[in-house]
Asker: 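This is the structure, below, for whatever I ask next.
None of the values given here were measured: they were computed from a predicted structure. Order of the sequence lines sets the chain letters (A, B, ...), proteins ahead of strands, with each chain counted from 1.
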Protein chains: 2
Amino acid sequence: MSSRDHSPARFPVAVDVVALTVRDDVLHVLLVTRLIEPFRGRLALPGGFVLPGEDLQEAAVRELAEETGVEKVSGHLEQLGSYGPGGRDPRGDVLAVAYLLLAPDFPVLSAGSDAEKAGWYPVSSILDDHGIRLAFDHEKILRDGLERARSKLEYSPLAAAFCGEEFTIAQLRAVYEAVWGLPLDARNFHRKATGTPGFLEETGKVTAGDTGRPAALYRLTAAARPEPGHPARAVLNPPLMRPVS
Amino acid sequence: MSSRDHSPARFPVAVDVVALTVRDDVLHVLLVTRLIEPFRGRLALPGGFVLPGEDLQEAAVRELAEETGVEKVSGHLEQLGSYGPGGRDPRGDVLAVAYLLLAPDFPVLSAGSDAEKAGWYPVSSILDDHGIRLAFDHEKILRDGLERARSKLEYSPLAAAFCGEEFTIAQLRAVYEAVWGLPLDARNFHRKATGTPGFLEETGKVTAGDTGRPAALYRLTAAARPEPGHPARAVLNPPLMRPVS
DNA sequence: TCCCTTTATTGTCAAGGTGACGATAAGTCG
DNA sequence: CGACTTATCGTCACCTTGACAATAAAGGGA
């Protein structure tokens, strides 16, 4: 820190959350419709200003709860990056700290306590050409979050963050296919997922009721489960690489 | 952003830079000695407060120049993460945005314009048990920066950011060994570095004067060179993994 | 000059991982 | 029961890696 600045400038600090989930085999992002200016009527990432005495991650969790009605979100939450403070809010300088949430599909309040409508939107409908334009610089933040998620799947057990506690290999593969936007060979994926030491363990249970042969249910190994405070361990070694094309 | 907050809280925003280099085959970090409270006399990462109208990365470059006397730093600069705002500065809430600089060895002013002494310190001397204690939460930031650098070497061409424009395979290998703290097999490394398409290209020149056989000089391919604004491309595919032990 | 030391570079080989894809297994549905 | 669907196991050629031998190209000293 500079020793010269007697009274440093102060900035409002906002947290914005890129919440991703896989719904019907399609990657979705959680967005709210803004009911006030600026960008009234536009879709935006959920978020809000950090309060005094609050930590960044606390603020992210609180804003997510306020705007989506979810008190206890399971899944994986990590910091994505910071943006600004200039050129991103017409009201003036605002520093934004973005967080990335990878979570199983959860219901959102159609009208949160902030009176903003929240809902899941397919990521492709936002990022495609001629997609819906987001407020602020949220499209860039979403792109950064998507790329972070894509690369993290390669070497970390984070794909399981999109699933519940127990899941089948096919469900896990559907996560990879939805996030990467690529088809994967079911047999090779099964070999890699079940063959990686310290990644998955069988629960002994199987699915029922669906069409086709029942699938075995797996859960993450204790070693692969994200610990509070610790980053997700690099369990997939060698990594599960994205196909080139 | 929350629609409810009419006058959001404002925080001072500091940028801190984890500047790493390889010097005499040892990883060093750039630190300054604080001459004022708090943490007077302690070593700290160079950094300072963001000024109004300034971007985060601009502030990082400016503070680095002010405290180390380097106007144009070559190498790779990327955002590392944000810390706080609570519990990291005894003067009160301060949000810190950390940046990571991977650079060739450059001289630092022994007394910068901020009158803080800057110098290179072996990373191990800071992070070892009984190492020198840094000011603020800078030890955690340094650890995060080190881990980021270590993992980035695996799949990106960023090791070359520690070298000059042209370098030998052995110099590049020395970077990996210094950052990872592990010995690598010179022959297998040579095969991987020269055999990866789109990574290195020969300059045709060779080193001279040293003991032993002269080494060929290489440079990064245009595709592997970091573009302004773009992240470092994932050129090493499959990656060059750290040995397990 | 010739040998020794040092560093760079090229090969070799076995083991393991991956992509492509055939073959079975175990359910549901008609 | 037979068709269909999904899950799981096997096979095989190819590629990459780790371990390590061998060769190349300098400088230094006897």
Asker: Side-chain donor-acceptor pair under 3.5 Å between A:Asp144 and A:Tyr83, yes or no?
Answerer: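 There is such a pair (donor and acceptor under 3.5 Å, judged by atom type) between the side chains of A:Asp144 and A:Tyr83.
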
Asker: In whole angstrom, what separates B:Glu202's CD from C:dA8's P?
Answerer: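 Roughly 15 Å, once rounded to whole Å.
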
Asker: Judged by each residue's nearest nucleotide on DNA chain C, which is more toward the 5′ side, A:Thr211 or A:Arg187?
Answerer: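 Nearest nucleotide further toward 5': that of A:Arg187.
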
Asker: Has A:Trp120 got a side-chain atom pairing as donor or acceptor with A:Phe106's backbone, closer than 3.5 angstrom?
Answerer: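 Judged by distance alone, yes, a pair lies under 3.5 Å.
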
Asker: Let me know the distance between CZ of A:Arg213 and P of D:dT6, rounded to the nearest Å.
Answerer: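 Whole-Å distance recorded here is 14 Å.
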
Asker: Under 3.5 Å, which protein N or O atoms sit close to an N or O of nucleotides 15-18 of chain D? Give each pair with its distance.
Answerer:
from	atom 1	to	atom 2	distance (Å)
D:dT17	OP1	B:Lys192	NZ	3.0
D:dG18	N7	B:Arg191	NH2	2.8
D:dG18	O6	B:Arg191	NH1	2.9

Asker: Where are the stems of DNA chain C, defined as at least 3 consecutive Watson-Crick or wobble G-U pairs with both distances under 3.5 Å?
Answerer: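 The stems that DNA chain C takes part in, listed by first number, are C:1-30 with D:1-30.
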
Asker: In whole angstroms, how far is the P atom of C:dA20 from the CZ atom of A:Phe189?
Answerer: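 Roughly 16 Å, once rounded to whole Å.
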
Asker: Find the distance between OG1 (A:Thr68) and CG (A:Leu101) and round it off to the nearest 0.5 Å.
Answerer: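 Rounded to the nearest 0.5 Å, the OG1-CG separation comes to 9.0 Å.
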
Asker: Atom CD of A:Glu177 and atom P of D:dT6: how far apart are they, to the nearest Å?
Answerer: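 For the pair A:Glu177 CD and D:dT6 P, the rounded distance is 13 Å.
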
Asker: Are any side-chain N or O atoms of B:Asp55 and backbone N or O atoms of B:Gln57, one a donor and one an acceptor, separated by less than 3.5 Å?
Answerer: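 No, because the side chain of B:Asp55 does not come within donor-acceptor range (under 3.5 Å) of the backbone of B:Gln57.
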
Asker: Checking contacts here: which listed nucleotide (C:dC21, D:dC20, C:dT9) is nearest the side-chain heavy atoms of A:Asp185?
Answerer: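 Nearest listed nucleotide: C:dC21.
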
Asker: Round to a whole Å and report the spacing from CZ of A:Arg242 to P of C:dG19.
Answerer: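 My rounded result for the distance is 14 Å.
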
Asker: Would you confirm whether A:Thr221, through its side chain, and A:Ala223, through its main-chain N or O, come within 3.5 Å as a donor-acceptor pair?
Answerer: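 No; zero donor-acceptor contacts below 3.5 Å.
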
Asker: From the options C:dC21, C:dT9, D:dA7, select the nucleotide whose nearest atom is closest to the side chain of A:Ala170.
Answerer: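 That would be D:dA7.
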
Asker: How many whole angstroms separate atom CG of A:Leu184 from atom P of C:dT18?
Answerer: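 Result: 13 Å.
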
Asker: Is the backbone N or O of A:Leu45 less than 3.5 Å from a side-chain atom of A:His138, with the two atoms forming a donor-acceptor pair by type?
Answerer: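 Such a contact is found between A:His138 side chain and A:Leu45 backbone.
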
Asker: Given that A:Ala186 and A:Gly212 both sit by DNA chain D, which one's nearest nucleotide is further toward the 5' end?
Answerer: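 In this pair, the answer is A:Gly212.
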
Asker: Is the distance from the ring center of A:Tyr218 to that of A:Phe167 below 6.0 Å?
Answerer: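 Not under 6.0 Å, so no.
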
Asker: A:Arg42 side chain to A:Arg133 main-chain N or O, any donor-acceptor pair under 3.5 Å?
Answerer: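 Yes; judged by distance alone, with no hydrogens or angles, the pair exists.
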
Asker: Remember a base hit wins even if backbone is also touched, and classify A:Ala208 as base, sugar-phosphate or nothing at under 4.0 Å, heavy atoms.
Answerer: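 No contact at all - A:Ala208 keeps every heavy atom at 4.0 Å or more from the nucleic acid.
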
Asker: Output yes when a side-chain donor or acceptor of B:Glu66 lies under 3.5 Å from a complementary backbone atom of B:Glu63, and no otherwise.
Answerer: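 It does not hold such a pair.
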
Asker: Using modelled atom types only, decide if a donor and an acceptor are shared between the side chain of A:Gln79 and the backbone of B:Ser82 within a distance under 3.5 Å.
Answerer: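 Such a contact is found between A:Gln79 side chain and B:Ser82 backbone.
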
Asker: Kindly give the atom pairs (protein nitrogen or oxygen, nucleotide nitrogen or oxygen) under 3.5 Å for nucleotides 28-30 of chain D.
Answerer:
none

Asker: Report the nucleotide, chosen from C:dT7, D:dC20, D:dT8, that has the shortest atom-to-atom distance to any side-chain atom of A:His190.
Answerer: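 Among C:dT7, D:dC20, D:dT8, the one nearest the side chain of A:His190 is D:dT8.
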
Asker: In Å, rounded to the nearest 0.5 Å, how long is the span from CD of A:Glu78 to CG of A:Leu100?
Answerer: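 Here the interatomic distance stands at 5.5 Å.
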
Asker: So, the side chain of A:Asp24 versus the backbone of A:Val26: is there a donor-acceptor pair under 3.5 Å, distance only?
Answerer: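 No, because the side chain of A:Asp24 does not come within donor-acceptor range (under 3.5 Å) of the backbone of A:Val26.
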
